[in-house]
Amino acid sequence: MAGSLKCLVTLGRWFSGLGVAPQARALAALVPGVTQIDNKSDFLQKRPHRQHPGILNLPHVRLPQALANGAQLLLLENAPTMENQVQTLTNYLWSRHLPVEPEELQRRARHLEKKFLENPDLSQTEEKLRGAVLHALRKTTYHWQELSYTEGLSLVYMAARLDGGFAAVSRAFHEIRARNPAFQPQTLMDFGSGTGSVTWAANSIWGQSLREYVCVDKSTDMLALAEKLLKGGSESGEPYIPGVFFRQFLPVSPKVQFDVVVSAFSLSELPSRADRTEVVQTLWRKTGHFLVLVENGTKAGHRLLMDARDLVLKGKEKSPLDPRPGFVFAPCPHELPCPQLTTSRPLACSFSQAYHPIPFSWNKKPKEEKFSMVILARGSPEEANRWPRITQPVLKRPRHVHCHLCCPDGHMQHAVITAHRHGRDLYRCARVSSWGDLLPVLTPSAFPPSTAQDPSES
């Protein structure tokens, strides 16, 4: 036991020398004889390790040529002067916070009022006190505003977000197809469809089987833009993808379900938690197989998705038309509370997808889309593969690999994998894996707590 502790302490000091971030210095949790490669189904099937089935990342995603041509045609006159507008909107969308709830505003107001009343130097009337509280609230509260997508702003949004949104949704759809190749959806609904990138991404993955796409967006200008993109950038002609229908409101009938329901970067546009709750419940009722939710890869985006995830998993409302329960298909390998949110310093569970942007003079270099996602499915968790998820970039070092894993037992683990300790197969699989992949490994349900001190705290 003493020898093991000495080894762990030595590893901790070595992490410090590597310059690993403090939150990433948890001690290795993959233990010889307890954690091993998942060979129960001969998953490699004579394939090389670099093609193991846990690899889910896509190479650089590129827009379909017809979509890229349509976008360029629509922006032909405005592209030279649009660079600053695109950058401004991108920065705004990325830094945007969720609106403050009315209950939280009331709590802050009561706190400020109490603070002012306790100050003997401030002898104020009730009217002056109310004014002082309102003034303080305006200075300290985030001012959330609903975006109204006019024709001009819709064009700027297309230039800013069409390619990155397409990349993020393509990565989510690819995970479903890679892990469930027999799934061939026929219907899809996209809530907050915007420029229609979800329709194009779904067609690229399941174009052979999909026969109906329902795009829902309250902005008529955005719907008109999406329809133009389907027709190559013009108002006439045949659409490149048949069976696409545009709506301003969700289908009313409770009997209508879709094989795939998507909300990409739309829940964060809703003004309150109550609105998000109502929409998520409606989307889940409309879901026949998979509900795909995607948001920005920020703490706010991740927390919003975890709220939606918990709402579906804990929902007591059972649809008489579809009583099947829900489970998390991706990215979590469990239905337990998110370990990223229960730490002393919460982190966003996000992923990155490389893509080629719409080729403008100021927009030619490959980019990375950082996003958070959750894919919920109807059925039983036993139907899903419960391998650990790699939640940070893999650090490859001589003869060992650092992997940060979200495990089926609901805990985060920092694993240092070597061929000597864990076997050649697991080591080679880990070495070719990357951020967002699944590691084909069997993990114990619980690990013994370590008594070694974190070097960052010494």
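In this model, a donor atom of one side chain and an acceptor atom of the other lie less than 3.5 Å apart for E368 and S352. One side chain, H52 or S433, offers a donor N or O that lies under 3.5 Å from an acceptor on the other. Looking at D217 and Y149, their side chains never bring a donor and an acceptor atom within 3.5 Å of each other.
Both tests hold for R161 against F265: distance to the six-membered ring centre under 6.0 Å, angle to the ring axis within 45°.
Around the CZ atom of R431, the shell of radius 6.0 Å holds more than 12 heavy atoms that belong to other residues, nucleotides or ligands. Heavy-atom neighbours of R96 CZ from other residues, nucleotides or ligands within 6.0 Å: above the threshold of 12.
When each of K367, K370, R171 is tested with Q353 by the rule side-chain contact (heavy atoms from CB on, under 4.5 Å), just one qualifies, namely R171.
With sequence neighbours excluded, the residues that form a side-chain contact (heavy atoms from CB on, under 4.5 Å) with Y240 are A66, W200. Considering only residues two or more places apart in sequence or on other chains, E278 meets the salt bridge (Lys or Arg N to Asp or Glu O under 4.0 Å) condition with none of them. Residues passing the salt bridge (Lys or Arg N to Asp or Glu O under 4.0 Å) test with K231, sequence neighbours excluded: E227. T418 is linked by a side-chain contact (heavy atoms from CB on, under 4.5 Å) to H400, H420, R421, H422, counting only residues two or more places apart in sequence or in another chain. H174 pairs by the ring pair (Phe, Tyr, Trp, His ring centres under 6.0 Å) definition with nothing, not counting sequence neighbours. With sequence neighbours left out, K299 forms a salt bridge (Lys or Arg N to Asp or Glu O under 4.0 Å) with no residue at all.
With values rounded to the nearest 0.5 angstrom, C429 atom SG is found 7.5 Å from I55 atom CD1.
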